[in-house]
Amino acid sequence: MNKKYSKPTLIQGGMGIGVSSHQLANTVSREGGLGVVSLTAVTVSFLRRLMDKEEDYLNACEGFIDPEFVKEVTLKYYGMKNNEAYQMIEMPSLNPSAFFLKAMVLSSYVEVSLAKKGHNGVIGINMLEKIQIPTLPLLFGAMLAGVDYVIMGAGIPIRMPQIIDQFSNKEKANYLVKLNDSSQPQVTYEFDPNDLFDLEPIEIKKPKFLAVVSSLTLANYLLKATHKPDGFIIELPTAGGHNARPRGELVFDETGEPVYGKKDEIDFEGFRKLGYDFWLAGGFGSHEKYKEALSLGAVGIQVGSAFAFCEESGFTKEIKEQVIKQVLEDNLTVKTDFLASPTGFPFKVADVLGSLHDDESYQKRKRICDLGYLREAYEKPDGKIGYRCPSEPVEDYVRKGGNIEDTVGRKCLCNGLVSAIGVAQSRASIKEKSIVTAGNDAIFIKRFIKPGNKHYQAIDVINHILYNK
Ligand SMILES: Cc1cc2nc3c(=O)[nH]c(=O)nc-3n(C[C@H](O)[C@H](O)[C@H](O)COP(=O)(O)O)c2cc1C
């Protein structure tokens, strides 16, 4: 790849939780692409890795703006696992402790620092608009580490460009957090980094902002703001993780998959006319599709599934081996689950043997909510703010005023996804099962695996996509 690019033609998509690991982003970035780390629940994975005594993470804390806090966090967590179980970690809320706020800042700082280590390439972060409460401290930590691109999907990230501006000027920023069951639809959550750190001696670089969109309408809306995105990633519904809902009436095909129709088609001519850079995502992980994207006027592509099961990705070795085995046997299916995600967005689930994809293992799992990244804030009858998640124990959700229908089929993505990257919680020696998300393109990873091999690397994906090798 031409390493003297001005704009990356290949973006390795942000894949949460932790599938877009710093190892993967670092590798892609060294090869001239835009390596992206996912910041979804990164504080959990970071603190659990400290509990597991992973030295890389400890070493990467060096250089953090608050060395005293690093000592504090190390004392509290480093090597501090209780037998097989991880210590509880504070859940995100609108009234976090100063300790947890700093831990969030440190966790994204570390992830980005590790991704940037040892090369001059560019690194991005991926966040979901839907997960609103941790956004500001995580963004700030990434900016302390000099992140080059901020990418946000799953919602309408209209305020992000302004917030990025404010943080690069060392100013406070605020985020509007959606509030259910209230006369006010949202509350303002303020984060002032000056309350936590002495910012005087440092410079903060302003990263570029790319919004993930699935329609020209949304792109046009984002461009109405005074602070605008620098470009767009146009994501089609074959992409892994969360997808946009089909527009118009919901229709399913004979296999139970949602049908995306005319209204969902991308107006490429409209995007070209906007005059902003755009990248295409969702089934573009091949040389032919890369060429097609360029011919449609895109700067390049964003690819997720193809990288998701390579050696450098964050999925556990066991999951990668199992997925590759099933793919080689033509036995991997990816389904769109409309109920699984507490966010209400359709969510792609791969039927990986041993994971929590089938009804039986889903029914067996005792519901528990102890990570809380997908909790929604709501107003209690006494005017105070509470938190609830449709995947938590049904009786708790209903007691908090939630509709029982909303709990049906909901999965604990927090625990399922952190389990998939090797930091599963153990309760009474029972480990949380993994949930594996992937795009429809996952079944094509065969093309990266050399005959006789049962694994592949990020460089195999890059060589195939960019150079048809
Ligand atoms: C395992 C996995 C997890 C994903 N998680 C996220 C996420 O947390 N945030 C996001 O914006 N996109 C997420 N995506 C979408 C990717 O960033 C990317 O846009 C998509 O994978 C591109 O389509 P492809 O999988 O066909 O290459 C995820 C994709 C995969 C495969």
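What's counted below: heavy atoms across the whole structure, side chains too, no hydrogens, waters or symmetry copies. Whatever order the structure lists ligands and atoms in, that order sets their numbers, starting from 1. One-based numbering along the sequence shown.
- For Ala438, no nitrogen or oxygen atom sits less than 3.5 Å from a nitrogen or oxygen atom of ligand 1, counting backbone and side chain alike.
- Using bins of under 30°, 30° to 60° and over 60° for the plane-to-plane angle, the ring pair Phe46/Tyr57 lands in the tilted bin.
- Note: an N/O pair closer than 3.5 Å links Asn126 and ligand 1 by distance alone.
- Between Gly14 and ligand 1, an N or O atom pair is found at a separation short of 3.5 Å.
- Using a cutoff of 4.0 Å between basic side-chain nitrogens and carboxylate oxygens, Arg427 and Glu432 are scored as salt-bridged.
- The nearest non-hydrogen atom to atom 23 (O) of ligand 1, considering only Gly282, Ser286, Ser20, comes from Gly282.
- Of all atoms in ligand 1, numbered sequentially from 1 with element shown, those under 4.0 Å from a heavy atom of Thr437 are 1 (C), 2 (C), 3 (C).
- Residues Phe345 and Leu128 fail the side-chain proximity criterion, which asks for heavy atoms closer than 4.5 Å.
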Table please: side-chain donor-acceptor pairs of residues 208-219 below 3.5 Å, with sequence neighbours left out.
from   : atom 1 : to     : atom 2 : distance (Å)
Ser214 : OG     : Arg247 : NH2    : 3.2
Ser215 : OG     : Leu218 : N      : 3.2

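- Nearest-residue assignment for atom 4 (C) of ligand 1 (options Glu129, Lys130, Gln302, Met15; heavy-atom criterion): Met15.
- Under 4.0 angstrom from ligand 1, there are no non-hydrogen atoms of Ile233.
- Considering each of Ser305, Ala281, Gly153, Gly18, the one bringing a non-hydrogen atom nearest atom 25 (O) of ligand 1 is Ser305.
- Classified by interplanar angle (parallel below 30°, tilted 30° to 60°, perpendicular above 60°), the ring pair Phe252/Phe338 is perpendicular.
- Of all the heavy atoms of Met152, none lies under 4.0 Å from any atom of ligand 1, so neither backbone nor side chain is involved.
- A search for side-chain hydrogen bond (donor to acceptor under 3.5 Å, both in side chains) contacts involving Asp52 returns Lys81, Tyr86, not counting sequence neighbours.
- For ligand 1, the atoms sitting less than 4.0 Å from at least one non-hydrogen atom of Gly13 are 17 (O), numbered in the order shown with element in parentheses.
- Polar contact check, Gly283 against ligand 1: a nitrogen or oxygen pair lies under 3.5 Å apart.
- No side-chain donor from either of Gln162 and Thr226 sits under 3.5 Å from a side-chain acceptor of the other.
- Between the side chains of Glu129 and Gln132, at least one donor-acceptor pair of N or O atoms lies under 3.5 Å.
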